Structures are given as C-alpha cells and as structure tokens.
There are 2 protein chains.
Amino acid sequence: MDRETPRSGATLHDVAREAGVSLATASRAINGSTRKVNDEYRRRVLDAAARLDYSPNLSAQAVARGATMTVALLVADIADPYFSGIAAGVVREADHEGLIVTMAATGRDAARELELVRTLRGQRPRVMILAGSRHTADREPALADELAAFEANGGRVAFVGGHDLPFRTVLVENADGADALARTLAGIGYRRFAAIAGDTGLTTSDDRLAGFGAGLAASGLALDPGRIVRSDFTRDGGYDGMRQLISAGLDDIDLVFAVNDVMAVGALSALREAGFEPGRDVAVAGFDDIPTVRDVTPTLTTVRIPLDEVGRRALRRALDGDAPDAAGAVPTEVVLRASTPPIIGH
Amino acid sequence: MDRETPRSGATLHDVAREAGVSLATASRAINGSTRKVNDEYRRRVLDAAARLDYSPNLSAQAVARGATMTVALLVADIADPYFSGIAAGVVREADHEGLIVTMAATGRDAARELELVRTLRGQRPRVMILAGSRHTADREPALADELAAFEANGGRVAFVGGHDLPFRTVLVENADGADALARTLAGIGYRRFAAIAGDTGLTTSDDRLAGFGAGLAASGLALDPGRIVRSDFTRDGGYDGMRQLISAGLDDIDLVFAVNDVMAVGALSALREAGFEPGRDVAVAGFDDIPTVRDVTPTLTTVRIPLDEVGRRALRRALDGDAPDAAGAVPTEVVLRASTPPIIGH
DNA sequence: GGTATCTTGGATAACGTTTTCCATCCCACC
DNA sequence: GGTGGGATGGAAAACGTTATCCAAGATACC
C-alpha cells in the first residue's frame with residue numbers, strides 16, 4: 001500500500017491521476033465550481049479522493065483563490081467568561097458560514113495586541129474581531145494604521161465595545177444599561193452608592209460608570225467620586241476593590257456597583273470573608289450577566305448582555321457589506337436578583 | 001500615493017522591486033534564512049517592506065514551505081470554564097512557540113466533531129488537540145481513521161483526557177483524584193453518599209465515579225448505584241440531577257459528589273432553591289476547581305486540575321517528538337472547602 | 001449539410017512564497 | 001598572477017490549488 005511516498009498526503013494531482021482525469025476536472029469535481037462536470041467523471045474523482053484519503057490543502061486554496069476562510073479573534077483573556085461567551089458566539093456564527101476561527105489573547109497589553117494584529121494579518125483573514133476593552137486615551141496610531149492597512153486590502157475589522165477608532169463596531173448599551181440599572185436601584189430604595197471600576201480611560205468601565213452616575217442623577221441622587229475605587233478588570237480586581245471599600249468603612253454605603261460581573265463576584269467574596277452578608281448588609285450589582293451570577297449567593301443583580309449574540313453580531317457586522325448603522329447597539333436588560341433586595345420602608 | 005493598485009496589499013515582489021533587489025534576496029532578508037545577506041541590502045529590503053506596509057502571506061508561506069504554524073483545538077463548548085481554561089493554556093503555550101491557534105466547538109456531537117476534524121485537517125495544522133470528553137464505547141472508526149491519516153502526513157494529535165484511541169494523550173488523574181477525594185471525605189466523617197454523573201460511557205465521568213467508589217471502598221464505605229443520577233455534563237445537568245435527588249429524598253444522604261464543578265455549582269443552586277443550605281443540610285463536592293468555585297457559597301470542595309497547565313502540556317506533548325511516557329498524568333489535588341465541613345462527633 | 005452555439009475536458013498560467021541551483025565576485029594562497 | 005574556494009545575489013523551479021483559455025464534440029437551426 002505504501003508503494004512510493006506515504007509521506008505528506010495525497011494531492012489533487014494524485015486524485016486526478018488516480019481518477020484518470022485532468023487536474024482541472026478534479027478541482028471542479030471536488031469543489032462545487034460553476035462549471036458542470038460529467039457525472040461519471042465526478043463520481044470517479046470523488047471515489048479516487050475517498051480512496052486516497054484526499055484532504056484539500058486550505059493554504060493552497062487560499063493562495064490560488066486570493067481569499068481565505070478564516071476569521072481572527074482577539075480577546076483580552078480567553079478564560080474570562082465575558083470573552084469566552086463572546087468567543088462562543090463568534091465561533092458559532094463562523095462555522096455557520098463555513099469559516100474557521102483563529103483565536104489569540106492580548107492579556108490586556110496594547111503592545112502585545114499590536115503584535116498579534118500584525119501576525120494575524122499575515123493570515124489574510126476575511127475578518128478580524130477585536131474584543132478587548134480599549135483605552136480611550138490610547139491614541140494608538142500604530143494599531144489604527146495596521147488595521148487600516150488590513151481593510152485597505154479587503155479585510156474587515158469589527159470591534160466589540162466602544163473605542164475611538166474608525167472601524168465597524170458592535171456597540172453594547174453600556175451607558176444606557178448602567179443608567180437603567182441605577183434608576184431601578186434608586187426606585188427600589190437605594191440611596192448611598194459606591195462603585196468598583198477599572199482604570200480611567202478604559203471605555204467599557206468609563207461608560208458604565210458614567211451611565212450609572214447619570215441614572216442616579218436622574219433620580220436626584222449622586223455617586224460620590226470619592227466612593228469610586230479603581231482596580232483590575234478581573235475577579236481579583238473586584239475582590240481587592242471591595243477590600244478597599246471595606247477598610248474605608250461601609251457604614252454609609254447601601255450598594256456597591258461593580259462595573260462587571262467578574263469583579264462583582266470577587267467583591268461578593270471579599271464581603272463575605274470580611275463577615276458581611278452581601279445583599280443584607282450591603283447590596284452589590286454587576287454588569288454582563290455571566291453564567292456564574294445565577295449560582296453565587298445571593299444571586300447577583302446585573303445588566304444582562306447577550307454575550308453569544310454579541311459575538312455573532314460582531315461577525316455578521318463585519319461580513320455584511322457596509323450595513324450603515326446595522327441595528328444599533330445590542331440591547332441590555334436589567335436583571336434584579338437577590339443581591340439587591342428592595343429596601344424596606346422605602 | 002495610490003498610483004496603480006491600492007488593492008490587495010504589497011507582495012514580496014513589490015518589496016523586492018522597491019528595494020531594487022531580487023525576489024530571493026527579499027525573501028532571505030525578511031525571514032531569517034540560513035543564507036547571509038548583505039547588510040546594506042537587508043536594510044533596503046526592510047525599509048521597503050516597512051514603506052509598503054508589507055505583511056507576509058502566511059498561506060503562501062505554508063504552501064511553499066510545506067508546513068504551517070497553526071495548531072487546531074477542538075473543545076466541546078468554548079463557554080464552559082473547563083474548556084476555556086484549557087484553551088487559555090493551549091493559546092499561551094502556542095504563542096510562546098509562535099504558533100497560531102484555530103478553535104472549534106463540537107457541541108459534544110460526535111458527527112460534528114468528525115466533520116470538524118476533516119475540515120481542520122485541510123488547514124494542515126502542525127498539531128490537532130481534541131479536548132472534548134469522549135465516549136468509551138464510541139467505537140468511532142471514522143474519527144480514528146481521519147486522525148491516523150492526519151498523523152501519517154506528519155501531523156500530531158493530542159487528546160486531553162482518557163479515550164481508547166491510539167494517540168498521544170494528556171492524562172488527568174481522574175480516578176486517583178476522585179479516590180483521594182472520597183478517602184478525604186470519609187476521613188472527615190462522611191458516610192452516606194450520592195453522585196451526579198454524566199452518561200455512562202463518558203470516560204471522564206466514568207473514571208471519576210469509579211475512583212470515587214474505589215476510595216469509598218478503601219474506607220469500608222460504598223456508593224449505592226441507586227444513588228447515582230445521570231444527566232448532562234453541564235451546569236443545568238447538575239441542577240437537574242440535584243432536583244432528582246431532592247425529589248427522591250435527601251434524608252439519608254450526607255454528601256453529593258458531582259463529577260465536575262459546573263454540575264456541582266448547578267447542584268448547589270438547586271439545593272438552595274429547594275430550601276436546603278448546602279454544606280449544612282447536605283454537603284457537595286465537585287471536580288476541576290474552576291475559578292467560580294471560590295465564589296459560590298459555600299465555597300466548593302473539589303479536586304483541583306491545573307487547567308492552564310493541561311492545555312500547555314497538550315501542546316507540548318504533541319510538539320515534543322515522541323517523548324514516550326512524558327511525565328505521566330497531570331496530578332490533581334483535593335481542595336477542601338466550606339461545602340464539606342467536617343462532620344461533628346465523628 | 002454547413003455553420004453557429006453550447007457544453008465540457010484539458011493545458012497552462014496564475015497566486016505569493018521558499019529554495020534549489022548557477023553565476024559572480026572577492027579574497028587568498030603559492 | 002593564475003587558480004581554488006567561500007560568500008552572496010539572482011533566475012527559476014517548486015508548492016498545491018484555482019481559473020483562464022482553447023479545443024473538440026454535440027446540438028440546433030435554416
């Protein structure tokens with residue numbers, strides 16, 4: 001069976017020879033080209049392909065066709081449920097389109113991100129999706145240039161979440177969602193707030209914080225800037241943030257708003273470890289509605305983002321021509337749970 | 001600036017022309033080939049490349065070199081923290097090696113998985129990592145054939161977790177870990193057990209269950225087969241499983257062992273919803289040590305698997321020649337937390 | 001029955017790289 | 001100062017596809 005080179009799989013050439021047809025015919029038979037090919041020939045080709053265990057070389061196809069079937073996805077951290085939720089959506093939509101997803105993690109490092117974009121661009125993906133949260137002030141001309149070059153050569157870029165770069169974006173109602181959350185909380189009796197946020201300049205964090213402030217303002221309340229602690233955009237960041245709040249004294253705080261769920265969950269644990277009962281002693285709310293928040297105690301009030309949908313939309317948005325304003329921002333929804341019980345006597 | 005074809009990026013040809021050198025020289029200057037190239041020329045080439053915003057076409061390189069820089073990763077569900085943890089490890093190690101990861105989700109469907117393997121094989125990845133949990137009885141000759149063909153052509157396959165296919169594997173101490181867990185729990189006073197498991201035939205589930213049984217047996221205890229409920233290998237599966245146990249009556253059950261953490265977390269929520277206090281009324285233990293379990297209440301006793309390490313090892317194992325037995329199984333560690341308090345009066 | 005018109009298979013030229021080979025050039029050595 | 005040999009640049013042949021032509025056979029039309 002291994003008469004000549006068992007090495008390095010059968011090529012289309014081999015299939016054509018085996019089937020006794022020309023290379024062109026074999027190619028036409030195997031991918032459904034526009035050209036019609038005789039049923040007998042097609043059968044012979046397909047048989048030969050099966051017999052030789054032929055697998056078309058995607059790289060070769062890519063260079064011949066001048067187009068790949070891949071989409072590149074950049075996230076900050078794959079293990080973070082926010083990003084893995086989005087990634088799942090991207091992958092789902094991608095393979096609905098017959099596209100292959102290549103994934104990379106920036107670790108929230110702008111330099112690394114730029115480097116990855118450069119590398120990934122070499123892949124000539126159809127689409128490049130950037131889902132890390134961005135710094136506004138970033139002023140990243142290098143990144144913008146790289147992406148612009150990518151688009152100039154026929155690629156599509158899609159961002160998830162706000163940024164000030166001139167590319168397609170799937171907007172999430174961060175400000176509006178946080179605004180609605182604040183109003184709702186005010187509506188059920190909360191008055192004295194603190195917040196755990198990411199670094200200033202991180203658009204997601206800023207938008208949510210601003211929205212929350214606006215929502216409070218609309219209810220005649222305010223978020224004291226002195227009550228905003230800054231820390232990492234991670235579970236441990238939330239934990240640390242809450243510890244700061246605790247050591248500064250929780251006495252005149254009803255509710256702590258963490259700008260995302262992983263932080264909120266960390267905050268919950270910090271509270272409990274310090275002997276507080278979250279929800280009773282102090283309320284906590286988050287943002288994202290990652291799966292975990294249904295299973296913590298108390299279950300967490302949050303603003304739901306359909307993560308999977310965000311991922312799918314990002315791909316769609318990049319793929320579908322220049323749909324001008326494409327359905328607007330992804331709507332969010334306030335989900336009240338046990339971590340923010342209505343305040344009695346309100 | 002856009003004199004001729006601004007379309008479809010600069011090619012190495014263009015760079016060579018711009019630099020006034022031959023194609024060969026340009027190629028040698030840009031990738032660090034063995035051949036030496038005059039510093040002056042190299043500089044000119046590099047300058048030209050920068051000026052033209054040249055990005056090497058990875059597909060073309062792949063076909064010319066006969067090898068790609070990609071690794072393909074198949075998981076059951078990207079949003080599941082178990083898999084995203086492993087994926088993060090794979091990606092980390094991959095980009096340490098300058099490799100690009102393409103990711104696909106099987107949704108735990110064998111047919112889909114086979115299809116994905118076929119497609120991904122076309123990519124000619126250096127490595128293919130399969131991390132879904134497998135059915136033993138699967139008898140999946142088609143999958144085995146496809147993977148064998150892939151290896152015959154120079155690819156490497158690595159599985160994560162047990163299976164009965166003849167490929168490299170990163171083994172996790174599923175049985176031993178569960179055994180140790182059972183002994184530990186017996187040691188702190190638990191006597192009457194129930195379990196929530198996945199379908200029979202799912203190796204991960206089977207191994208853990210068997211190990212748990214063995215550990216109990218070693219302590220003179222037993223897991224009544226009638227107390228094993230079967231359900232999906234997901235959070236909701238755990239939730240449903242626990243509901244079944246609850247409706248069958250929890251009276252003579254001290255502790256429920258869920259074969260993985262997401263199920264355990266679901267089980268916790270089911271308990272709480274039914275008015276039980278997990279840890280006090282009935283203890284719960286899981287397996288995996290996903291990040292979430294530190295943040296649920298009570299914190300969950302589990303068997304720790306270094307997920308990231310598993311992912312990294314899978315890639316290493318595939319890459320590093322035929323390291324025969326390669327460091328054995330990934331060690332696990334029992335982590336006792338609040339969901340299994342020592343039983344008083346023991 | 002002769003000429004247009006469709007079909008459809010086959011050569012062959014791309015596609016953007018890398019990698020042989022050659023061809024020079026330069027240096028040294030005796 | 002001629003010859004051997006180590007550098008190093010260039011032309012051209014791969015790599016595995018697809019797509020553009022051509023040619024030849026079949027069909028149809030008057």
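Because the structure is predicted, anything quoted here is derived from the model rather than measured. By convention in this document, chain letters (A, B, ...) are assigned in the order of the sequence lines, proteins followed by strands, and residues within each chain are numbered from 1.
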Exercise for the section: With the side chain of R35(B) defined as its heavy atoms from C-beta on, choose the nearest nucleotide among dT17(C), dC21(D), dG9(D). Expected result: dG9(D)

Exercise for the section: Would you kindly give the CG-to-P distance between N153(B) and dG16(D), to the nearest whole Å? Expected result: 11 Å

Exercise for the section: Quick one: closest heavy-atom pair of A142(A) and L114(A), and the distance? Expected result: CB-CD2, 3.6 Å

Practice task
Could you tell me which non-hydrogen atom of P81(B) sits nearest to which non-hydrogen atom of L307(B), and how far apart they are?
Solution key: O-CD2, 4.2 Å

Handout entry: Between dC15(C) (C1') and L12(B) (CG): distance, integer Å
Key = 13 Å

Exercise for the section: Figure out the CG/C1' separation between L58(B) and dG16(C), and round it to whole Å. Expected result: 12 Å

Handout entry: Options dC21(C), dT17(C), dG9(C), nucleotide nearest the side-chain atoms of R124(A)
Key = dT17(C)

Handout entry: Five-pair end axes of the helix from dG1(C)-dC30(D) to dC30(C)-dG1(D), angle between them (10°)
Key = 40°

Completion exercise
Shortest non-hydrogen pair, A318(B) vs V127(B), comes out as CB-CG1, 3.4 Å

Handout entry: Minimum-distance nucleotide (side-chain atoms of R28(B) versus dT18(C), dC21(C), dT8(C))
Key = dC21(C)

Problem - Distance, rounded to the nearest Å, where N57(A) contributes CG and dG16(C) contributes P - result: 16 Å

Practice task
For I30(B) and Y54(B), run side-chain contact (heavy atoms from CB on, under 4.5 Å): C-alpha distance rounded to whole Å, both residues' side-chain angles, the deciding distance at 0.1 Å, then the answer.
Solution key: CA-CA 10 Å; I30(B) 285 186; Y54(B) 171 72; 3.7 Å; yes

Problem - Nucleotide dC15(C), atom C1' - distance to CG of D14(B) in whole Å - result: 13 Å

Practice task
May I ask you to say whether D14(B) pairs ionically with R17(B), meaning some side-chain N is under 4.0 Å from a carboxylate O?
Solution key: yes

Completion exercise
Which of dT18(C), dA11(C), dT17(D) is nearest the side chain of L23(B)? It is dT18(C)

Problem - Atom-to-atom span, CG of D39(A) to P of dT7(C) - whole angstrom - result: 15 Å

Problem - Side chain of S27(A) - closest among dC21(C), dT18(D), dT17(D) - result: dT18(D)

Practice task
From the options dG10(D), dT17(C), dG16(D), select the nucleotide whose nearest atom is closest to the side chain of A24(B).
Solution key: dG10(D)

Completion exercise
Per atom distances to the V37(A) side chain, the nearest of dG9(C), dA11(D), dC15(C) is dG9(C)

Fill in the blank from the handout: All heavy atoms of G311(A) vs all of V90(A), minimum pair found to be O-CG2, 3.4 Å

Under 3.5 Å, side-chain donor or acceptor atoms of residues 66-77 of chain B against the rest of the protein: list the pairs with distances, not counting sequence neighbours.
residue, atom, partner, partner atom, Å
T68(B), OG1, T70(B), OG1, 3.4
T68(B), OG1, R124(B), O, 2.6
T70(B), OG1, Q123(B), OE1, 3.1
D77(B), OD1, A79(B), N, 3.0

Completion exercise
By nearest-nucleotide position on DNA chain D, the 5'-leaning member of K36(B) and V63(B) is K36(B)

Exercise for the section: Can you tell me the distance, in whole Å, between the CZ atom of R44(B) and the P atom of dG9(D)? Expected result: 10 Å

Practice task
Indicate whether OP1 or OP2 belonging to dT7(C) is found under 4.0 Å from a side-chain N or O atom of Y41(A).
Solution key: no

Problem - Test side chain to side chain contact (heavy atoms under 4.5 Å, CB included) applied to E146(A) and R118(A), E113(A), E115(A), M128(A), the passing residue - result: R118(A)

Completion exercise
Winner on side-chain proximity to T11(A), out of dA11(C), dG16(D), dG16(C), is dG16(D)

Problem - Qualifying residue for salt bridge (charged side-chain N to carboxylate O under 4.0 Å, His left out) with E97(A), from R312(A), R316(A), R126(A), R92(A) - result: R316(A)

Practice task
Ignoring the backbone of R65(B), work out which of dT18(C), dT8(C), dA11(C) is nearest its side chain.
Solution key: dT18(C)

Exercise for the section: To the nearest Å, give me how far apart NE2 (H13(A)) and C1' (dA14(D)) are. Expected result: 12 Å

Exercise for the section: Would you check if the side chain of R108(A) reaches a backbone N or O of G132(A) as a donor-acceptor pair within less than 3.5 Å? Expected result: no

Problem - Distance below 4.0 Å between N31(B) side-chain N/O and dT18(C) OP1 or OP2 - result: yes

Between the protein and nucleotides 23-27 of chain D, list the N/O to N/O atom pairs that are separated by less than 3.5 angstrom.
none

Practice task
Using heavy atoms to find the nearest nucleotide of DNA chain C for T25(B) and S59(B) separately, return the residue whose nucleotide is more 5′.
Solution key: S59(B)

Exercise for the section: Calculate, to the nearest 0.5 Å, the distance between atoms CZ and OG belonging to F83(A) and S84(B) respectively. Expected result: 12.5 Å

